[in-house]
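Please read all numbers here as calculations on a predicted model, not as lab measurements.
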Amino acid sequence: MTGPITLEDSASDQDVAPPLHHAAIITSDTEALEAAHALARAAEAGVIQRDRERRLPWELVERFTASGLGSIAVPRAFGGPQLSYATIAEVFRIISAVDPALGQIPQNHFGLIGLLHAVASPEQQQRLFTSVLAGWRIGNGGPERGSKHTLDIQARLIERDGRKLLNGEKFYSTGALFAHWVTAKALDDQGRPWLAFIQRGRPGLRIVNDWSGFGQRTTASGTVLLNEVQVDEGNLVPLWPLADKPSIQGAFSQLIQAAIDLGIADGALRDAIAFVRDKARPWIDAKVERAGDDPYVIADIGRLQIELHAAEALLHKAARVLDETVSAPIDTDAAARASIAVAEAKALTTEISLAASEKLLELAGSRATLAEFGLDRHWRNARTHTLHDPVRWKYHAIGAWHLNGNRPNRHSWI
């Protein structure tokens, strides 16, 4: 598609685009945070039932878009508000503290906005950012199952009769089912990687809601099937320049991941405190009337609160580093500093999300395992989302930078 963007109707029974509704345009950090809090309040009522029944949050996703939150990262040069990275991270934390699956659904949408900013042509940026401002959502055809690693791409982009055709199968495709654009990486006949922006409803495109993970159950992070899908040449973004061009594309993507994990930790600790105060029984040897007066419980809550605040501080610091980095031309050292700052935050948000969700069950006691409370979802969500990329490599990258001055590798996971 190279002309004005309109949502395409398709006679194909393989895929149907979601409806396109009007989206507001947010103009300030305060407005964005208010919209995030309003969405979180709306999400709270049914979060346990959605998780239990794997009920997809369609209405909430539409509210996210309609509020204007979907376009807060669009650059001002293309008509967007381009809010601070600090605000974007806080938006994801606020939503994820209530429903981290809802928080994760637009994760790739924002990561792809960052990628477009880093490597797409001005003409592509103008068209695609305009679509986002109009309410289009971007979903991701994720990594491929059965490959050697996440950068091992088997999908192929071929040319036949003057048409660009895409073939392949993707998984971990968070956001694709809710999206108007589906993106997929593929190699051309020269082995070069491209990112294809595919309009929903294109013949040969099929999205399967087969995500069966025990956590983040309502992200629809399933399969995208691509069978001779035609891609407009103007919607093909070359990816190989990223290897030679310093940017914060990876750091931005990881900042959002860290914000989601911090939200999980925040929600788990709040539920732990509420359950201990109102429902948990004290242990007999503590010789107290309330579980909240058990000195060991008090100490554990204090320790978790400190660790949560430490992770929150590092996330805010990382976001400020990103804001400072983009205020000037980005060189290799600036890009590396941004990645390391986010890696430090990601290390702590991973640890506190797992610790808080585990301690919640320990401190709340056996009653907390009852299905009616849905408290196990915190640990399941933390354990699932933190597997996105191994935190052990964050520690390695941080140590290599501080000890030996080695810059981290340049990709979407650092």
Side-chain angles (χ1 to χ4, degrees), residues 1-8 17-29 31-32 35-36 39 58 60-85 87-89 91-92 95 102-141 173-185 195-202 205 207 231-232 234-237 239 247-249 252-253 255-256 259 322 326 412:
M1 177 176 153
T2 55
I5 293 180
T6 57
L7 194 61
E8 174 182 270
L20 181 63
H21 302 298
H22 171 75
I25 296 180
I26 286 173
T27 58
S28 70
D29 296 315
E31 190 180 346
L39 183 64
W58 275 101
L60 294 166
V61 171
E62 295 291 0
R63 287 185 63 161
F64 178 95
T65 304
S67 71
L69 287 171
S71 63
I72 59 176
V74 172
R76 282 186 289 274
F78 298 97
Q82 194 178 345
L83 298 187
S84 69
Y85 290 103
T87 293
I88 293 170
V91 163
F92 275 87
I95 296 169
L102 178 62
Q104 188 185 350
I105 288 167
Q107 166 187 300
N108 287 321
H109 172 94
F110 277 76
L112 289 159
I113 287 174
L115 189 148
L116 285 171
H117 197 203
V119 75
S121 70
E123 188 273 339
Q124 288 173 325
Q125 291 175 337
Q126 185 65 66
R127 286 188 302 102
L128 294 169
F129 287 148
T130 297
S131 75
V132 171
L133 290 166
W136 288 53
R137 293 185 291 270
I138 309 173
N140 186 43
S173 302
T174 304
L177 191 65
F178 303 94
H180 304 92
W181 291 110
V182 172
T183 63
K185 295 177 183 177
L195 183 69
F197 278 73
I198 306 162
Q199 292 168 267
R200 291 292 300 278
R202 280 284 168 104
L205 171 65
I207 301 174
V231 183
D232 298 325
N235 291 334
L236 289 168
V237 178
L239 293 178
S247 75
I248 62 163
Q249 184 263 325
F252 179 34
S253 177
L255 183 77
I256 294 172
L322 264 61
V326 299
S412 297

Subject >> Nearest heavy atoms of Leu133 and Gly80, plus distance in Å >> reply: CD2-CA, 3.9 Å
**OP:** Would you confirm whether Arg200, through its side chain, and Ala179, through its main-chain N or O, come within 3.5 Å as a donor-acceptor pair?
**Re:** yes
Subject >> Euclidean distance, Ile138 CD1 relative to Leu128 CG, rounded to 0.5 Å >> reply: 6.5 Å
**OP:** May I ask you to test the Tyr85-Val326 pair for a side-chain heavy-atom distance under 4.5 Å?
**Re:** yes
Original post:
Rounded to the nearest 0.5 Å, how far apart are CD1 of Ile198 and CG of Leu205?
Top reply: 6.0 Å
**OP:** Report yes or no: does Gln124 contribute a side-chain atom to a donor-acceptor pair with the main-chain N or O of Val119 at less than 3.5 Å?
**Re:** no
Original post:
Could you give all pairs that pass the ring-ring contact (aromatic ring centres under 6.0 Å, His included) test and reach residues 103-125, with sequence neighbours left out?
Top reply: Phe92-Phe110
**OP:** Measure the spacing between CD1 of Ile248 and CG of Leu255 and express it to the nearest 0.5 Å.
**Re:** 8.5 Å
Original post:
Where is the tightest heavy-atom contact between Val182 and Gly141, given as atom of each residue plus distance?
Top reply: CG1-N, 4.3 Å
**OP:** Over all heavy atoms of both residues, which pair between Ala73 and Ile88 is shortest? Give the atoms and the distance, please.
**Re:** CB-CD1, 3.8 Å
**OP:** For the residue pair Leu39 and Leu60, establish whether any side-chain heavy-atom pair is separated by less than 4.5 Å.
**Re:** yes
**OP:** Taking the side chain as every heavy atom from C-beta outward, state whether Trp136 and Thr130 have any pair of such atoms under 4.5 Å apart.
**Re:** no
Subject >> Leu102 and Phe64, any side-chain heavy atoms less than 4.5 Å apart >> reply: no
Original post:
How far apart are the closest heavy atoms of Val91 and Ala32, and which atoms are they?
Top reply: CG2-O, 4.0 Å
**OP:** Can you measure from CD1 (Ile26) to OG (Ser67) and round to the nearest 0.5 angstrom?
**Re:** 5.0 Å
**OP:** Mind listing the closest non-hydrogen atom pair of Gly114 and Phe252 along with its distance?
**Re:** CA-CD2, 4.0 Å
Original post:
Under 3.5 Å, is there a donor-acceptor pair between the side chain of Asp29 and the main chain of Thr87?
Top reply: no
Original post:
Which value, rounded to the nearest 0.5 Å, describes the distance between Thr65 atom OG1 and Phe178 atom CZ?
Top reply: 10.5 Å
Original post:
How long is the span from the CG atom in Asn108 to the OG atom in Ser253, to the nearest 0.5 Å?
Top reply: 7.0 Å
**OP:** Work out which heavy atom in Lys185 is nearest to a heavy atom in Leu239; give both atom names and the distance.
**Re:** CG-CD1, 3.8 Å
Original post:
Does some side-chain heavy atom of Glu62 sit less than 4.5 Å from a side-chain heavy atom of Arg137?
Top reply: yes
Original post:
How about Leu116 and Phe78: do any of their side-chain heavy atoms sit closer than 4.5 Å?
Top reply: no
Original post:
Are Trp58 and Leu177 side-chain neighbours, meaning at least one heavy-atom pair lies under 4.5 Å?
Top reply: yes
**OP:** Using a 4.5 Å cut-off on heavy atoms from C-beta on, say whether the side chain of Gln107 contacts that of Thr174.
**Re:** no
Subject >> Which residues share a side-chain contact (heavy atoms from CB on, under 4.5 Å) with Ser247, sequence neighbours left out >> reply: Ala118, Leu242, Gln249
